[in-house]
Structure formats: structure tokens, C-alpha cells
Amino acid sequence: MRARLRVNSIACDAHGLCAELLPELIVLDDWGYPIVEPGDVPPELLGLARRAVDVCPTLALLLVQEGE
Amino acid sequence: MSLGASGPQSLPRLLAGLDPTSAAMTLAEHERVHGPLPHPGSAELIEAVEHSGLRGRGGADFPTARKLRSVAERRHAGALIVNGSETEPASSKDRLLLSRLPHLVLDGAVLAAAAIGAPEVIVRVRESATGTLSAVEGAVAVRSTGRLIVRVATAPEGYVSGEETAVIQHLGGSAAKPTFVPPRPYERGYRGRPTLVQNPETLAQIALVARYGAHWYRELGTNADPGSALVTITGAVAAPGVYELAFGTSMIDLLAAAGGSTEPLQALLVGGYFGTWVDSARAFRLRLSREDLRSVGCSLGAGVLIALGESSCGLHESARVIGYLADESAGQCGPCVFGLRAIADAFEGFAQGAGQSGDRDRVLRWTAEVRGRGACNHPDGAARFVESALETFGDEIESHRRERCSAPAAGLPLGGAAHQRHAGALRELRR
């Protein structure tokens, strides 16, 4: 399954949980907001990516499948 | 489709018959200049627009036929929205069209609405533009549009309020702030239905293409960039204003059309506040073509050209613009609110001679990071502007540190009440 991560920047409140769970793909900027690695999520990280999506308090992190 | 009427042989096209006394052209005068409104079928109109090569004139430069088609094929269109709020401070072309040539714009709106099957046309005019409002309301009142509803809606101030998702929000009763996409308005917009949001100039061009045909449209301009465009030329020129020019015209001729420069120029701002500074040496070698503009990192954008004279200070003017853009953030996305404010503060530091070493690199890191991380293009446009300012005026940061700059303000126009909006934006984001 090909998928990429997207942040709904309006919903995002800089809680930072996503970067904690998935530092390989998400880092925080100077103000605590996520910078997401572009491109497809590597298959071995898909599980963690789904966890990060689930754990976001504001549902701001999205895992978008190819074609969406 | 067209009545075989031959269109204007040269310029002006959009501005043909423009009354020098600034009165709005009446319906009778409009039909005297351009003939009556034609009634092409939907496919016929969209094909003509496609062959003309017309692209949107609101800043995004998107192929118009493709946009028309994407709404038409979804059926059940909700509305055609004439996006006449013109929030780019240095631009006045849309105001000119709506206040003095309202019937040309309304023709295009009615034609496009028919082509996409929309039951309603909504003309958005800035609420503070009272002259334009009455001109448009007057024009709407004298037109018989059958079952098509045509109404005027006022738009609030604010740079981002003209963004197409913000337009949909405002028409739906919410604040005029962009939303996260998808869905885009052409998928789901006004009343949850596919909606076409179009710039007034684009619609005016459609009105001409419907009458005179795609072949006529392409008689001006170049193969790659056909037709004419309205350009607001302002700054250090003798006759600032809105000019209609063919694509492919040289920058030198563009400036000459506006009466020539009033002093030697150091740079041009191409495309408005989301545009790009180009130093005059490079600018004078350019033509109004996508290829030329892209080669220096620009696009025509909202059709704005600002000439910066030698007596002005590029750092100061850029600091004012980025300060304005930071204040104009809708306040919804952290990277935009905090990133643009930090960049603006750093730029104010450069202009005041307080720039620290490393500040420039930090600004460039922020502009690279902020791109694509807002819900709309506001941070991207601001980032592009800032990067071009650093490239064009960056070598003055050092000299400003050594010596206070005494250049007078060039008076680049800014919208009002920006500071109030900024205070509100930060309050919203702070927990």
C-alpha cells in the first residue's frame, strides 16, 4: 500500500506526539509544528505512521493513500 | 457561434470604449461596442476558451477551459462566483473592470454560468468599494437574465479573504478564512455543490472570446502566451494605472506605456506582494511571457508591476511588505503565523541596521520550511517574496549595519487595519 503523511495545519495544535512516535519522518520546527518528510511512507514505518495518526489529539495527522 | 462579428483589430480589447470620464459603460453603450450577448452551447463555449489558450487572471494562471470543464462535468453546479474583491493592495484592474465595464464582466459570468449549468451568479465586491458596488448593482439591475439568479455580495477586507476556499466559507456565513483541501470548490463549494470561482478579468476575456472566437483572441500575443492582459503598473512611473497590453510585450515597453520611469530604477516587483523582485538589469531584458518570467523565478500573478526607484530602499520596502503579509495571516496555521512573523521581525532588523550574522541564513531556513505547511498558499507566496528580496537587496544588509539608511518611503500601498487582524490571529493560536 502506497501512502503519504499529511498534516491538516488548521487542526494541528503543535502537541508534538507525532514527532515523538515517528522521528524518522517527522521533525518539529522552531515553534513545535511538524515538518513531514515528503513522499511515500516506507513500508516498514507504516505501522508506526498509523499509530501516530491515531494518537494525534486533534486528528490533524492524516495518512493519505495513493490516488486520494 | 459568434455572429461573424470581427473583434478589435488591435488594442484595446477589454478596455475598448472605456469612457474617459470614468462613468460606468451602460448596457446600450456596451452592446454598441461589442454587439449583443451570444448564446453558445456549453461544449461550444468551453472549446472556444480551450482553443484560445486563456488562463486565469486572478494569480493562479490556471487554464480556464480545464476549470470550466471540471465543474461542468460534475453537474449540479452550485454557482459561478465572480471573485472581484481584489485583495492584492497594489492591484486595481478588477476594480476598473467592475466599476467601469461591468457589463463585459457580467457577460462572461452569465456565459460561464450557462456553460457549467449553474443556477446562480454571485458577484463579490469589497464592502469598502462603494463606487464599484453601486456600478455593479446598477448593471445587474438592468439585465434580464431569465431563470439565472444574479446577485451582488460584499466581501470583507483582508489579503487572504479572496482565496477561493475563504470565499466559499464567507458565502456560507463563516469568517472569510481558507479551509484545508480537499475538497476544492470545484468539487464541493457553495451550498456543498461544485462551484466555479473566477477572476473578473478572466470572465471579461471569456465574453470577448464568445463573440469573436479563439482565433481572434490568438491574433495578439505569442503562440505560447496568446492574448492581452491587464497590468497595474505603479511605483516610480510617471503615469501609474491599469494598462492593457499584449503578452510578449517587453518590460521596457510596459514601463513606457505607464509614462516611463520617474527616476533610474533599481528593481521591479513582478506579480504583486506574492511576486518576485527582479533587479533592473535583468528586468529590462524581459518580456511579458511565462518563459521569460519563469527564468527569473516570477510569474505575472495578479498582473502587478511595481517600479522601485534608486532613491528608495529595497530593504525597507520589503520589510514593510513582509510585515504586512505576516499581519494578514488568517491565523489558523502555526507555521504561517509564527514563521512569517519571525521572518518579518528579522527583515525589520535588516532594514534598521540591526541584522545579526546568521539572521540571513535563519530567514532562508524559515522560508524553506514554511512552504506548503499552511492550509493555503499564503506562506508560500510570502516565502517567494522574501527569498527574492534577499537575492535582490541582500547585499545591503551589511551596509545598513554600518550606516543608517535615509531613503524616503516609496509608499508601496498596503491594506488597512492589518495590525488589528494580527493581534487577533496570535490570540487565536495561543493556548
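Every chain is numbered from 1 and lettered A, B, ... according to where its sequence line falls, protein lines coming before strand lines. When reading the values below, keep in mind they use all heavy atoms of this one structure, side chains included, and skip hydrogens, waters and symmetry mates.
With a 4.5 Å cut-off on side-chain heavy atoms, A/L62 and B/F180 count as touching.
Checked against side-chain hydrogen bond (donor to acceptor under 3.5 Å, both in side chains), B/S318 has the following partners two or more places apart in sequence or in another chain: B/W277.
For B/R74, the CZ atom is densely surrounded, since the number of other residues' heavy atoms within 6.0 Å is greater than 12. Heavy atoms from other residues, nucleotides or ligands lying under 6.0 Å from CD of B/E369 number more than 12. Other residues, nucleotides and ligands contribute over 12 non-hydrogen atoms within 6.0 Å of the CZ atom of B/R290.
Within residues 16-31 of chain A, the residues having any heavy atom under 4.5 Å from a heavy atom of chain B are, by residue number, A/D29, A/D30, A/W31. Using non-hydrogen atoms only and a strict 4.5 Å limit, no part of residues 46-54 of chain A faces chain B. Residues of residues 370-381 of chain B lying under 4.5 angstrom from chain A, judged on non-hydrogen atoms, are B/R373, B/G374, B/A375 by number.
Shortest non-hydrogen contact noted between A/Y33 and B/G334 is CZ-CA, 3.3 Å.
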